[in-house]
2 protein chains.
Amino acid sequence: MLSDVMEDYLKAIYQLQRETDERIKTSAIAEELDVTSPTVTSMLDKLEDRGLVDREKYRGVTLTGEGETVALEVIRHHRLLEAYLTEHLDYDWAEVHEEADRLEHHISENFEARVADALDQPTVDPHGSPIPSADLEPPERPDGASVTEFDEGDVVIVEEVADRDAEVLSYLADHGVEPGVELEIMEVAPFGMVTARSSSHDDSVSLPESVAHHVRVAVPAELEQ
Amino acid sequence: MLSDVMEDYLKAIYQLQRETDERIKTSAIAEELDVTSPTVTSMLDKLEDRGLVDREKYRGVTLTGEGETVALEVIRHHRLLEAYLTEHLDYDWAEVHEEADRLEHHISENFEARVADALDQPTVDPHGSPIPSADLEPPERPDGASVTEFDEGDVVIVEEVADRDAEVLSYLADHGVEPGVELEIMEVAPFGMVTARSSSHDDSVSLPESVAHHVRVAVPAELEQ
DNA sequence: ATTTAGGGTTAGATGAGGCTAAAACAGGGT
DNA sequence: ACCCTGTTTTAGCCTCATCTAACCCTAAAT
Ligand SMILES: [Mn+2]
Ligand SMILES: [Mn+2]
Ligand SMILES: [Mn+2]
Ligand SMILES: [Mn+2]
């Protein structure tokens, strides 16, 4: 069996891989998990021994198929929990992350299945992130793109708000940036700051690049094809 | 903060104390938690350092007030989880224990409160065990007594079935021994085996002492006063 | 081709939580 | 009073996940 710490490493590597498509460096993992580099190195040794990562010393790691499956399993647990906590236990959008981040390592497969049943097999969590299916096949890359890649005048629909910080999420909700809402892009500054107006609010919001790049949006269906 | 292992020790000591009223011996804890005596000794050192147990070397421990509060906290989590899993996630009476035994260490106070709300502040779990109140005051000793203390011909109501083994619990449910049912005692053998007939079933059940002493029953209200 | 800056790995320590084997103790039997 | 037996504690060791300090490698700059 894998420890919850190992699960966190695999999840972190998976998520870093989604962003870069390159081998993941020790320092990136260290920063993500808030541990020191030597700690990461020794854990990568263990994960390599167990066949969960492919490693080239000094050049970073990638997940093996098996490692990816474990990561997807943990992410499925996490996102199902987030969905369940908001739907059935009166949690707020902004506060679910921390709870799910602990519980994801401690629920049984049975619990996972009951939660999925209670939610009628959901496919996205409250932040709009896709929930991996029960078979743990690598999911398709979702459509849309970061809001930072659009231009003044574009009208888009928010698909996902992938930030994990409760205060940032509360702020976004207060300003009408949630999955499903329509945004009109007002300005994209050279340093990545995005200013937009939400269809559900009268004023506009400005998001620094660090926040904006977690907001994935898509062009509304009518404008496609 | 306390580790989940420490929480398990405190819970075990609390529960052993409920049964004996004497100082709890190293070997009793070792057996309960399935570890060796030296392991228990060293953990008792740590718990004593933190003021959670009173210790006399070679003579066992008792919980301090603070230790008892922690134990009650963990037990509250456990029993709320058992109740929630059966009420809202379609778990069976018999299978909740294992899940609750892990999760009890990993839920937040917020989660505890939401679960208690969803259940409308329950006072007993599915096995009939009392759920400690949110203020964690030591609860009253529940009324009734082990079914082994009754005699042929007595008619009693099952108050609690405190066994933790899923197979034993399934067996008991199959034979009509659950909280709320009426039992007529048919025989109490000298070695503690109890034979009884459940009001909800036609045949009778025989329970060895080891099982029977977990079945707490009370005389029906009409016969009291 | 060297240097060098920056990140990665190795070495060694720590604190939990566990083990086995050996020593020390409590309490009952003579 | 002494001994015996069974339990508890001590001593010493292990693994896991973490750290700091020291050393080493890669890749870019000269
Ligand atoms: Mn999350
Ligand atoms: Mn799963
Ligand atoms: Mn239980
Ligand atoms: Mn609590």
Side-chain angles (χ1 to χ4, degrees), chain A residues 1-14 16-17 19-63 67 70-71 74 101-102 104-106, chain B residues 1-14 16-17 19-63 67 70-71 74 101-102 104-106:
Chain A
M1 271 302 86
L2 298 177
S3 68
D4 52 350
V5 174
M6 282 178 170
E7 290 181 349
D8 278 333
Y9 277 81
L10 294 170
K11 188 174 78 158
I13 296 166
Y14 179 89
L16 290 166
Q17 257 177 206
E19 285 169 18
T20 70
D21 277 348
E22 287 164 20
R23 306 187 74 83
I24 305 307
K25 308 260 205 46
T26 299
S27 53
I29 301 168
E31 187 174 359
E32 179 75 15
L33 296 177
D34 201 26
V35 294
T36 59
S37 312
T39 302
V40 174
T41 298
S42 77
M43 180 57 81
L44 294 179
D45 274 343
K46 286 174 213 157
L47 295 175
E48 189 183 26
D49 287 348
R50 296 190 187 220
L52 297 166
V53 300
D54 273 329
R55 187 148 176 252
E56 270 183 71
K57 284 223 162 143
Y58 294 99
R59 286 150 191 274
V61 291
T62 56
L63 292 177
V70 174
V74 178
D101 230 18
R102 257 177 302 109
E104 63 190 4
H105 308 292
H106 303 291
Chain B
M1 270 304 84
L2 296 178
S3 68
D4 51 351
V5 174
M6 282 178 169
E7 290 182 349
D8 277 333
Y9 277 81
L10 295 170
K11 188 174 77 156
I13 295 166
Y14 180 89
L16 291 165
Q17 255 175 210
E19 287 169 18
T20 71
D21 276 348
E22 287 164 20
R23 305 187 74 82
I24 305 307
K25 308 259 207 47
T26 300
S27 53
I29 301 168
E31 187 174 358
E32 179 76 14
L33 296 177
D34 202 26
V35 294
T36 59
S37 309
T39 301
V40 174
T41 297
S42 77
M43 180 56 81
L44 293 178
D45 275 344
K46 286 175 213 157
L47 295 175
E48 190 183 25
D49 286 348
R50 296 192 186 220
L52 298 165
V53 300
D54 274 328
R55 187 147 175 252
E56 269 183 71
K57 284 228 163 138
Y58 295 101
R59 289 153 191 271
V61 290
T62 56
L63 293 177
V70 174
V74 178
D101 230 17
R102 257 177 301 110
E104 64 190 4
H105 308 292
H106 303 291

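Here is the naming used below: chain letters follow the sequence lines, and residue numbers restart at 1 for every chain.
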Query raised in the report: In the 5'-to-3' direction, what one-character label does each nucleotide of nucleotides 9-18 of chain C receive under the scheme B = base within less than 4.0 Å of a protein heavy atom, S = sugar-phosphate only, - = no such atom?
Result: BB------BS
Query raised in the report: Distance from B/I24 atom CD1 to B/L16 atom CG, nearest 0.5 Å?
Result: 5.0 Å
Requested in this report: Before giving the answer on side-chain contact (heavy atoms from CB on, under 4.5 Å), spell out for A/V40 and A/E32 the whole-Å C-alpha distance, their side-chain angles and the decisive distance to 0.1 Å.
Outcome: CA-CA 11 Å; A/V40 174; A/E32 179 75 15; over 6 Å; no
Report task. Check B/D8, B/L2, B/D4 against B/M6 for a side-chain contact (heavy atoms from CB on, under 4.5 Å) and give me the one that passes. Result -> B/L2
Contacts under 3.5 Å, N or O only, protein and nucleotides 12-14 of chain D:
none

Report task. Look at B/D54 together with B/R23 and state whether they make a salt bridge at an N to O cut-off of under 4.0 Å. Result -> no
Report summary line: Rounded to whole Å, CD of B/E31 lies from P of D/dT7 at a distance of 11 Å
Report summary line: B/R23 atom CZ is separated from C/dG27 atom P, nearest whole Å, by 12 Å
Query raised in the report: Per the side-chain contact (heavy atoms from CB on, under 4.5 Å) rule, which among B/I13, B/L63, B/L44, B/L47 passes with B/L52?
Result: B/L47
Requested in this report: Using whole Å, report how far CD of A/E48 lies from C1' of C/dG8.
Outcome: 14 Å
Report task. Working to the nearest 0.5 Å, report the span between CD of B/E104 and CD of B/E7. Result -> 7.5 Å
Query raised in the report: Can you check whether A/V61 reaches A/Y9 side chain to side chain, under 4.5 Å on heavy atoms?
Result: no
Query raised in the report: Can you tell me how far the CZ atom of A/R55 sits from the CD atom of A/E48, to the nearest 0.5 Å?
Result: 5.5 Å
Query - Between C/dG27 (C1') and B/K25 (NZ): distance, integer Å - result: 11 Å
Query raised in the report: Can you check the A/L33 CG to D/dC19 C1' distance for me, whole Å?
Result: 15 Å
